Amino acid sequence: MSKPRFYVTTAIAYPNGRPHMGHAYEAIATDVIARFKRLDGFDVRFLTGTDEHGLKIDQAARAAGKPPKAYVDDMVAPFQSLHESLGISFDRFIRTTDDDHKALVQALWQRMAANGDLYLGRYEGWYSVRDEAYYDEGELVTGEDGGKLSPNGAPVEWTVEESWFFKLSAYQDKLLALYEGHPEYIQPASRFNEMRAFVAGGLSDLSVSRTSFTWGIPVPGDERHVMYVWLDALANYLTGADATGRGSLDGEWWPADLHVVGKDVVRFHAVYWPAFLMSAGIALPKTVFGHGFLLNRGEKMSKSLGNVVDPAAMVDRFGVDRLRWFLCREVAFGEDGSYSDEAIVERTNADLANGIGNLAQRSLSMVAKNLGGVMPVRGEAGETELRLKEAFLSGSEAYFTAMNGLALHKALDALMAMVAAANGYFAENAPWALAKTDVVRMAEVLAATLDATRRIVILAQPFMPGSTAQLLDQLGVAADARDFNGFNVPVDAGKQLPPPAGVFPRITLEG
RNA sequence: GGCAGCGUAGCUCAGUUGGUGAGAGCGCCGGAUUCAUAACCCGGAGGUCGGCAGUUCAAAUCUGCCCGCUGCUACCA
């Protein structure tokens, strides 16, 4: 029996600057989902990468005095090292400058063209020679002399450029039918409603090529044109589905189960992408999830405000698992969220140091001191054990329901309820007092607490892969008993446990 | 301008089809305890549920208006 498959992607980052917290957040959240699925018995493919073509990269490269490819080679490095330090378990880091991708995009174009959906037309708009960019009417500002200027203050002129167009307008009904039949296609629901309204309002054909720059994938048969970056970029998911690296349109991992993207690019994934795929006769992804933005102390991150935080510095300061935990626990997945040093310290001290870490440490240290570090025997379940069991049944059920519904924060809520139940059980039975009166009962209480801790840590693995591995080592959990199949498999009594050591020390702001 | 949504304890938020005296977590205060990372456990304070007016025996929960905020979208300067 083969494992069920799960193909998940992040959006690909545009490397015309350094990675920021938004990139880190998306990568972490997607990684949590990927790890959850692996533990849940799925064969997972996790794709992430960078979107390297387009005018802005071309301009930035020119400003840096480098050829575009050399420029992006430099710029992509910080993104790759960020993934490294965040513990992102991707299977491929795709770059849209990869050869298999270029081949695939051209094949995709030809399929869309063969279906009669591409035609040559004219693209009109306000063009700035200095910016080398087109602007919508609404983006323009009025200059001192009353003339129209680009947002950068450069003069613009109404320009007509030859362009290939995609017959997006022909897909309105098909898209609406898709939404009707698959409301889960766009999540969360608020985004779904927006996209449906957008499509219902009518669609214009989409310009999908440019002649004003050359840093892109050439249009097959019309090399004066390079492809519109979004067609190029979106197709990365298809390229990544062919794990053989040949860039064929029928990669074995397609269709994707989940595209995790920022709320600002939901439209491209929820409208343009399925239309392109329909045109090419390719299956559609199952779900597009638009996550929210991270705000720094409630304010949007921006260079002008000077509040752009380097995620790598956050990892250095707090540790990767604290950062991962905080972002998943404090931010409702799908909503905007806010972070600050104080909030990270407060949240992780409460949940990790006082909660999970202390639970493990207090029980493990008693086993070490009173039982020579040998895993004790579990006893008959009494009233307090039954209550604990009840709490863990409902808690783990809530956890799995939340995870399968992509409600990461709710899953952690459920997990913390289990932590509270375990700490309550421990305090109620006071094994430190039993140590003086009833050592057998004490051992039973410790065994039950250790097993509760083991279950909690197993469920916490997607969120904190490093710390949970350490804790599972201390709890004596075998390497092959750490996935969700092992959830109900207790550690054998009599097993010698290693000496316990705190995994989540309390931290302070000054520290 | 249109559409959608939101405004509930200091903070982040839950609150099913209107009905036991309005909840959780964190923070704060007090108690208890000492196994543990001054942690855990127990208890407490604190809210006229944005405002006004309605519907109803009864509204945080329905209706209208107003204020503030957010998203999508259209357009005019």
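Throughout, a chain's letter reflects where its sequence line sits, starting with A, and its residues are numbered from 1. Nothing here was measured: the structure is a model prediction, and the numbers come from that model.
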(message) Using modelled atom types and a 3.5 Å cut-off, is there a donor and acceptor pairing between side-chain atoms of Q461(A) and backbone atoms of A469(A)?
(response) no

Looking across every strand, which nucleic acid part, if any, lies under 4.0 Å from [X] by heavy atom: base, sugar-phosphate, or nothing?
| X | answer |
| --- | --- |
| R329(A) | sugar-phosphate |
| N423(A) | sugar-phosphate |
| G357(A) | base |
| A197(A) | nothing |

Which atom of [X] lies closest to which atom of [Y], heavy atoms considered:
| X | Y | value |
| --- | --- | --- |
| T449(A) | S363(A) | CG2-CB, 3.8 Å |
| Y228(A) | L206(A) | CE2-CD2, 4.4 Å |
| K495(A) | V491(A) | CD-CG1, 3.8 Å |

Of the nucleotides [options], which has the atom closest to the [X] side chain?
| X | options | value |
| --- | --- | --- |
| R506(A) | C35(B), G71(B), U37(B) | U37(B) |
| E346(A) | G27(B), G71(B), A39(B) | G27(B) |
| R347(A) | A39(B), U37(B), G25(B) | G25(B) |
| A427(A) | A39(B), U37(B), C41(B) | C41(B) |
| S365(A) | C72(B), A39(B), C35(B) | C35(B) |
| K369(A) | G71(B), C35(B), C40(B) | C35(B) |
| F504(A) | U37(B), C72(B), C35(B) | U37(B) |
| A350(A) | A39(B), C41(B), G27(B) | G27(B) |
| R191(A) | C26(B), U34(B), G71(B) | G71(B) |
| W432(A) | U37(B), C41(B), U34(B) | U34(B) |

Provide, to the nearest angstrom, the distance between the [atom1] atom belonging to [X] and the [atom2] atom belonging to [N].
| X | N | atom1 | atom2 | answer |
| --- | --- | --- | --- | --- |
| N354(A) | A39(B) | CG | P | 6 Å |
| W325(A) | C26(B) | CH2 | P | 12 Å |
| L203(A) | A74(B) | CG | C1' | 15 Å |
| L352(A) | C40(B) | CG | C1' | 16 Å |
| M416(A) | A24(B) | CE | P | 16 Å |
| M366(A) | A39(B) | CE | P | 21 Å |
| D413(A) | C26(B) | CG | C1' | 11 Å |
| N193(A) | G5(B) | CG | P | 8 Å |

Distance between the [atom1] atoms of [N] and [M], in whole angstroms?
| N | M | atom1 | value |
| --- | --- | --- | --- |
| A59(B) | G54(B) | P | 13 Å |
| U8(B) | C49(B) | C1' | 4 Å |
| G50(B) | G30(B) | C1' | 34 Å |
| C62(B) | U70(B) | P | 23 Å |
| U61(B) | U56(B) | C1' | 13 Å |
| A4(B) | G47(B) | P | 36 Å |
| C6(B) | C26(B) | C1' | 23 Å |
| C13(B) | C75(B) | P | 34 Å |

(request) Find which nucleotide of RNA chain B each of D264(A) and G424(A) is nearest to by heavy atoms, and output the residue with the more 5' nucleotide. (result) G424(A)

(request) Would you kindly compare G502(A) and K410(A) by the position of their nearest RNA chain B nucleotide and give the one closer to the 5′ end? (result) K410(A)

(message) Hydrogens and angles aside, do S207(A) and S163(A) bring a side-chain donor and acceptor to less than 3.5 Å of each other?
(response) yes

(request) Give a yes or no on whether the ring-centroid distance for F400(A) and F484(A) is below 6.0 angstrom. (result) yes

(message) In this structure, is the centre-to-centre distance between the rings of Y171(A) and F166(A) below 6.0 Å?
(response) yes

(message) Wobble G-U and Watson-Crick pairs count when both distances are under 3.5 Å; given that, what is the 5' to 3' dot-bracket string of RNA chain B, with | for pairing to other strands?
(response) (((((((..((((.....[...)))).((((.........)))).....(((((..]....))))))))))))....

(request) Check the surroundings of atom CD in E335(A): do more than 12 heavy atoms from other residues, nucleotides or ligands lie under 6.0 Å from it? (result) no

(message) Can you confirm if the NZ or CZ of R210(A) lies within 45° of the ring axis of Y123(A) and under 6.0 Å from the centre of its six-membered ring?
(response) yes

(message) Quick check for you: to the nearest 0.5 Å, what is the distance between I28(A) atom CD1 and F463(A) atom CZ?
(response) 11.5 Å

